[in-house]
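Following: one structure in structure tokens, then a few remarks.
For this chain, numbers begin at 1 and follow the sequence in order. Model, not experiment: these values are computed from the prediction.
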Amino acid sequence: MLRRLWPSSLAGRTALVLILALMVVQAAGLTIHALDRVDLQRRAEAREVSLRGLALWRSLVTQTPDRRAAILADAELPSGLQASLGDTPLVTQSNGPVPERLSRMFRLDGPGPPGPRRFRPLEVLSGVERGELRVSLRFPDTGWLNLSIAPPRVRPWHSDTFLAAFVAMSMAAALLILWAVRRLTRPVRDLAAAAERLGRDVNAPDLPETGPREVATAAAAFNTMAGNIRRFVADRTQMLAAIGHDLRTPITRLRLRAEMMEDDALRERMLRDLEEMEAMIGATLTFARDDAAQEAAVPLDLAALARTVTDEAADARESASVSYEGPDRLVLPLRPVATKRAVANLVNNALLYGGTARVSLGYEEGEVVLAVEDDGPGIPPEQMETVFRPFHRLEASRNRETGGSGLGLTIARSIARAGGGDIRLHNREEGGLRAELRLPA
């Protein structure tokens with residue numbers, strides 16, 4: 001449960017920790033404040049009750065016994081204090097020592113000059129019964145004054161709107177924290193977005209090197225890394241194109257020399273090898289040109305493109321079984337020439353090695369999936385990634401004589417990843433291979 005509730009983003013985790021810390025600090029501070037307030041209220045009410053009790057005693061002790069009942073009836077007593085007159089004490093036996101405040105009030109002991117003799121009770125009995133403090137004071141002449149003091153009812157909070165004020169204050173602080181955290185973590189989101197753009201397009205614009213010192217330093221380091229990657233890709237592409245171009249001259253000389261050989265069988269084998277080399281070099285140059293073309297992405301109807309590729313493949317192979325299933329229209333920002341090449345490579349690959357190509361288009365897990373299925377022998381699971389290596393062909397499951405340079409899947413995956421997608425291969429349970437071109441929706 002805690003793992004599911006724990007946010008996945010850095011901003012969410014930081015905001016949650018800060019909000020929880022704020023709530024804990026607020027709760028601790030308010031608890032301390034409430035405890036102090038309760039203690040102060042208790043002291044104040046105890047002092048008020050004691051002073052009113054002493055005032056009542058003094059007003060009664062100076063009067064004759066027949067007037068005390070009328071004075072007690074007219075007296076205004078605070079809440080929590082009850083008084084009555086009687087011939088016997090309310091407390092039959094003292095339960096512990098007399099409270100210190102009562103002792104000071106009635107000058108029974110302690111420092112300071114004693115009060116007038118007429119104000120002093122002859123006897124004081126005190127005890128706690130049913131949660132109340134009961135005190136019986138004996139008049140100098142006759143009778144007792146019985147006092148019942150209930151525990152003070154204290155309120156830890158100032159007003160009835162305290163809870164609403166606390167919630168409003170907490171929400172305002174939480175909103176401020178969320179705004180601040182999102183503002184502070186924006187450079188991290190920008191850096192992640194820039195890294196994603198760089199994965200799709202090596203020539204993506206650089207990050208602005210502005211903001212706090214740490215953010216500017218990270219942006220500068222990222223821009224330096226992106227520049228190094230662009231130079232590396234450019235150097236690799238130029239080297240690949242140069243090698244492919246320069247190899248054509250010696251291949252042409254070898255072809256001329258092979259034509260003059262007298263051994264017909266040997267001449268045919270050499271010419272066939274030279275043709276395969278030329279095909280591989282042509283594919284290499286095409287791959288290098290496509291990599292360096294930097295074609296711009298435009299709104300492209302992927303459904304129409306898939307139908308066009310299947311129609312062209314069916315026209316090129318009269319006996320081929322090619323079909324398309326999917327929506328009539330699906331527009332995505334793609335590079336037209338590169339995307340068509342990738343789809344055509346997957347369809348041709350299925351026709352060459354499986355004899356059929358069933359193309360389907362749809363959505364799956366938030367992505368656009370263009371799947372190409374065939375009825376061929378499939379690919380061993382341990383070599384699903386190996387087939388994407390340049391010039392790699394599986395002789396055990398793929399016939400070398402059917403043609404191909406081993407760059408079809410390599411080019412298709414390179415194009416897909418340049419658009420933020422990928423290509424995945426799966427062996428079908430009923431036999432054959434399923435190649436999926438996955439693109440961000």
### Message
Let me confirm one number: the OG1-CZ distance from Thr62 to Arg67, rounded to the nearest 0.5 Å.
### Response
9.5 Å
#### Entry: Residue that, paired with Thr185, satisfies side chain to side chain donor-acceptor pair (under 3.5 Å) out of Arg183, Arg182, Arg189
Arg189
#### Entry: For Ile423 against Ala416, the heavy-atom pair lying closest together
CG1-CB, 3.9 Å
### Query
When rounded to the nearest 0.5 angstrom, what distance separates CG in Leu51 from CD in Glu48?
6.5 Å
### Query
So, Ser414 side chain and Thr410 main chain: donor-acceptor pair closer than 3.5 Å or not?
no
### Task
Report yes if the side chains of Ser59 and Leu56 come closer than 4.5 Å at any heavy-atom pair, otherwise no.
yes
### Message
Please list all pairs meeting salt bridge (Lys or Arg N to Asp or Glu O under 4.0 Å) that have one or both residues in residues 304-316, counting only residues at least two apart or in different chains.
### Response
Glu312-Lys340
### Query
Can you find a pair of side-chain heavy atoms, one from Ile229 and one from Phe232, that are under 4.5 Å apart?
no
### Query
Looking at residues at least two apart in the chain, or sitting in another chain, which of them share a salt bridge (charged side-chain N to carboxylate O under 4.0 Å, His left out) with Arg434?
Glu373, Glu436
### Query
With sequence neighbours left out, what residues match Glu76 under salt bridge (charged side-chain N to carboxylate O under 4.0 Å, His left out)?
none
### Message
Measuring from atom CG of Asp422 to atom CZ of Phe388, what distance do you get when rounded to the nearest 0.5 angstrom?
### Response
7.0 Å
### Query
When rounded to the nearest 0.5 angstrom, what is the spacing between CG in Leu145 and OG in Ser136?
8.5 Å
Donor-acceptor pairs under 3.5 Å, side chain of residues 205-217 to any protein atom, not counting sequence neighbours: which ones?
{"from": "Asp206", "atom 1": "OD1", "to": "Arg230", "atom 2": "NH2", "distance (Å)": "3.1"}
{"from": "Glu209", "atom 1": "OE2", "to": "Asn223", "atom 2": "ND2", "distance (Å)": "3.1"}
{"from": "Thr217", "atom 1": "OG1", "to": "Arg213", "atom 2": "O", "distance (Å)": "2.8"}

### Task
Provide the closest heavy-atom pair for Ile19 versus Ala174 in the form atom of the first, atom of the second, distance.
CD1-CB, 3.9 Å
### Query
Above 12 or not: heavy atoms from other molecules or residues under 6.0 Å from CE of Met225?
yes
### Message
Testing the basics here: between Gly378 and Asn427, what is the closest heavy-atom pair and its distance to 0.1 Å?
### Response
CA-OD1, 3.5 Å
#### Entry: Within 6.0 Å of CG in Asp87, more than 12 heavy atoms from elsewhere
no
### Task
Would you check, one step at a time, whether the test side chain to side chain contact (heavy atoms under 4.5 Å, CB included) holds for Leu302 with Leu439?
CA-CA 11 Å; Leu302 186 59; Leu439 298 170; 4.1 Å; yes
### Message
Does any part of the side chain of Arg358, heavy atoms only, come nearer than 4.5 Å to the side chain of Asp375, both counted from C-beta?
### Response
yes
Side-chain polar contacts of residues 322-329 - donor-acceptor pairs under 3.5 angstrom, sequence neighbours left out - could you list them?
{"from": "Tyr324", "atom 1": "OH", "to": "Pro327", "atom 2": "O", "distance (Å)": "2.8"}

### Task
Begin with the C-alpha distance, continue with both residues' side-chain angles, and end with the deciding distance and a verdict on side chain to side chain contact (heavy atoms under 4.5 Å, CB included) for Val343 and Val359.
CA-CA 10 Å; Val343 176; Val359 182; 5.6 Å; no
### Message
Checking the side chain of Asn146 only, and the main-chain atoms of Leu90 only, is there a donor and an acceptor separated by less than 3.5 Å?
### Response
yes
### Query
So, the side chain of Thr356 versus the backbone of Asp374: is there a donor-acceptor pair under 3.5 Å, distance only?
no
### Nearest heavy-atom neighbours spanning Ala412 and Asn345
N-ND2, 4.2 Å
### Query
Would you call Leu22 and Ser170 a side-chain contact if the rule is heavy atoms closer than 4.5 Å?
no
### Message
Does atom CD (Gln63) have a neighbourhood of more than 12 heavy atoms from anything else shown, all under 6.0 Å?
### Response
yes
### Approximate separation, where rounding is to 0.5 Å, of Leu72 CG and Leu60 CG
6.0 Å
### Summary
On a heavy-atom basis, the closest approach of Ala338 and Ile415 is O-CD1, 3.1 Å
### Task
With sequence neighbours left out, write down each residue that passes ring pair (Phe, Tyr, Trp, His ring centres under 6.0 Å) with Phe139, or none if nothing qualifies.
Trp57
### Query
So how far is it from Asn349 CG to Tyr353 OH, rounded to the nearest 0.5 Å?
5.5 Å
### Message
A side-chain contact here means heavy atoms from C-beta on lying under 4.5 Å apart; do Leu425 and Leu409 qualify?
### Response
yes
### Task
Can you see which heavy atom on Tyr363 is nearest to which on Val368, and at what distance?
CE2-CG2, 3.6 Å
